[in-house]
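Heads up, the thing below is written out as structure tokens.
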Amino acid sequence: MNVTESFLTAIDSLMANKMRSILTMLGVIIGVAAVIALMAIGNGFSAFVSNEIQSLGTNLVIIVSDTDVSGGYQTLSMSDIDALSDPANTPDVTEVAATVQSTKEIIYQRRNTSATVVGVTSNYFDVYNLSEVSQGNLPTQQDNDTRARVAVLGATIATKLFEDTYPIGEAIKISGTDYRVIGILAEKGGSMSSPDDQIFVPLETAQAYITPLRTRKGEMAVTMLLTTAASEDATDAAIQQITDTLRTRHNVLYAGEDDFQIISQTSLLDTFSTITSALTLFLGAIAGISLLVGGIGIMNIMLVSVTERTREIGIRKAVGALQRDILIQFLIEALVLSLVGGLLGIGLGWLMTVIVAPIMEDAVPVIDLGTIALATSFAAGVGLVFGIYPAWRAARLHPIEALRYE
Amino acid sequence: MIELANITKTYTMGTQEVHALRGVDLTINKGEYVAIMGPSGSGKSTLMNIIGCLDTPSNGTYILNDIDVSDMDDDDLARVRNQQIGFIFQQFNLLARTSALKQVALPLTYAGYSRRDRYERAEAMLKSVGLGDRIDHRPDELSGGQQQRVAIARALVTEPSIILADEPTGNLDTASGEEILAILDDMHQQGITIVMVTHATEVAERTERAIRLRDGLVVNGS
Ligand SMILES: Nc1ncnc2c1ncn2[C@@H]1O[C@H](COP(=O)(O)OP(=O)(O)OP(=O)(O)O)[C@@H](O)[C@H]1O
Ligand SMILES: [Mg+2]
């Protein structure tokens, strides 16, 4: 008997016992569905995170000030901006923007809310990719120098405060003082401290009236510096130059720790990919275990099935089935069960991701072909490995003993 | 031609040995119609299984159509059963949940016939045993006599030279039994060798020769 015939015989036998076949497949269906769904959720999560990080821009290097716990003193000062802007210190740095930020109460007429108020240098919007406005204008260098009380709003907070009112020229209160709204930013999206929820004022305005932070020496302080490296490849060199310059300026000892933190897209991506790949691996392991359990289920049912079908095997042998014929029939049955189970599992897993997608919001689950290939070959492997022993047992049955079996 | 020389079969159950056959010498010529009789436990089924290559003797030689099959391996015996022997059992031994057509086609599957040839032959064979209108019926949708006729069609479909029937009418009423015996008579007319186990003298009388077994030995008719 050739393999095609064995295959058809196996299909016949599975179709003749539909209920048993379906129950056997259940373990694999659930196992594969779990693999697909969990991997898709893991993939979606990591895609989401790396997207967020990449939206920062590839050349961006952020320096965050340390905060002195006792007095709230910062380590980064206005003069640091000038030092980092000097090509003699940092040849690979092209732009330096700075911010101070704090969370304040915002009032417009009867509405009030709280929001992060960010004091920014006028080049901040360019450096951070935020220069697109939906209405009005961005603050100018002159607004900064004159400490003008003007504000630009993120899209979400603007809608929240003004609803249908035309916002430009309106006055909002920040910490009790009036600021004139001069622009609304275009919507940016994203969820980790999205600019849509923030309010921007000129840096020196903020330092004077809203967030008057200072360094230990008494200089006006900033909480964050945003710099761009000349190119993506120059990022590492820029980070080194920035570190050297700031350590020298802050008189950090050779053995001392940096009094600031540097965050670049590369460092963020590295950190997050470590986390997300650990997560994906963990989810994969859980899913793998459920597949293994499914496989043992198949072996169990196949063994029971060999016992239950002893007479059938006896009859087949009596009319001329070779050991090989029986072996292949049972193997193919196990293989078909796990493959069909695998396909149904892919369908179910896909359904599960569709169901959880709304809960996951921006981290849309992603089913990739690799996962499908992995799950399918795992299912086939499960069928083969756990099918061999029962099939071998069946093939070796003695025809007379098999026929006698009650 | 079936030639058995000093065939013994011993079953060991724990420490106890059961001598089911204790030295059977027997020759059955091509085309003969033979009955095997004897009390229960005398070794009739054991002998039939050995003749049918379903089992191997503990000792002795069995020459089937000039080939020594006494110590063939499992797969070689399966080929002999498939090509030269047809079985009819008292309990029919049909596959559950399987149509008559597929039951009858089964031996042809293992013989390597194409799907089309199998079904054509199986259908023709079912027609010849009077079941042309039952080919899609499964065993639980057939009477005992009809099930046995499916089993006969299955035994005949490979055109074997020998048919072995172990109490083929044992589970049937007189009328159905008579139908089965009529088919066997017919097969005999066609020149097929038939060996049948029976307890009924009137059934044995239809055959050409009755062989009597007692306690694993042939006492009469070898
Ligand atoms: N698998 C076995 N294991 C142990 N003993 C067996 C086995 N098969 C048969 N025997 C014994 O061998 C002897 C002959 O059995 P066999 O089935 O050949 O008898 P039989 O003549 O066909 O009887 P019946 O008319 O009741 O069918 C009996 O004593 C039986 O108990
Ligand atoms: Mg018997």
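Just the heavy atoms: all of them, side chains too, but no hydrogens, waters or symmetry mates, feed the values below. Just so it is clear, the structure is predicted and the values come from calculations on it, not from any experiment. Just so we're on the same page: letters track the sequence lines, and every chain starts at 1.
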**Study point:** Segment of A:R309 engaging chain B (4.5 angstrom heavy-atom cut-off)
**Key:** neither

Review point. So which of A:H398, A:E312, A:Q323, A:R396 has the largest heavy-atom pair count under 4.5 angstrom toward chain B?
Key: A:Q323

Exercise for review: Look at B:K9 together with B:D55 and state whether they make a salt bridge at an N to O cut-off of under 4.0 Å.
Suggested key: yes

Review point. Are A:V356 and A:I41 side-chain neighbours, meaning at least one heavy-atom pair lies under 4.5 Å?
Key: yes

Review point. Should A:L339 and A:T376 count as side-chain neighbours, where that means a heavy-atom distance under 4.5 Å?
Key: yes

Review point. How about residues 140-149 of chain B versus chain A: which residues have heavy atoms under 4.5 Å apart?
Key: none

Practice item. Measure B:L77 against the heavy atoms of chain A and call it side chain, backbone, both or neither at under 4.5 Å. Key: neither

Check your understanding: When you check the side-chain N and O atoms of A:T371 and A:D368, is any donor under 3.5 Å from an acceptor?
Key -> yes

Review point. Looking at side-chain heavy atoms only, is the closest gap between B:P139 and B:R97 below 4.5 Å?
Key: no

Review point. Can you tell me if B:S99 and B:D136 form a side-chain donor-acceptor pair at under 3.5 Å?
Key: no

Check your understanding: Side chains of B:R79 and B:Y110: do they bring a donor and an acceptor to under 3.5 Å?
Key -> no

**Study point:** Proximity breakdown for B:D74 and chain A, heavy-atom pairs closer than 4.5 Å
**Key:** side chain

Review point. If you count heavy-atom pairs under 4.5 Å between each of A:V319, A:L8, A:T4 and chain B, which one has the most?
Key: A:V319

Revision key, fill the gap. Between B:I85 and the options B:T193, B:L64, B:V195, the side chain to side chain contact (heavy atoms under 4.5 Å, CB included) test singles out B:L64

Point to revise | Contacting region of B:R138 [heavy-atom separation from chain A under 4.5 Å] | key: neither

Point to revise | Pairwise side-chain contact, B:Y62 with B:I51, heavy-atom cut-off 4.5 Å (strictly under) | key: yes

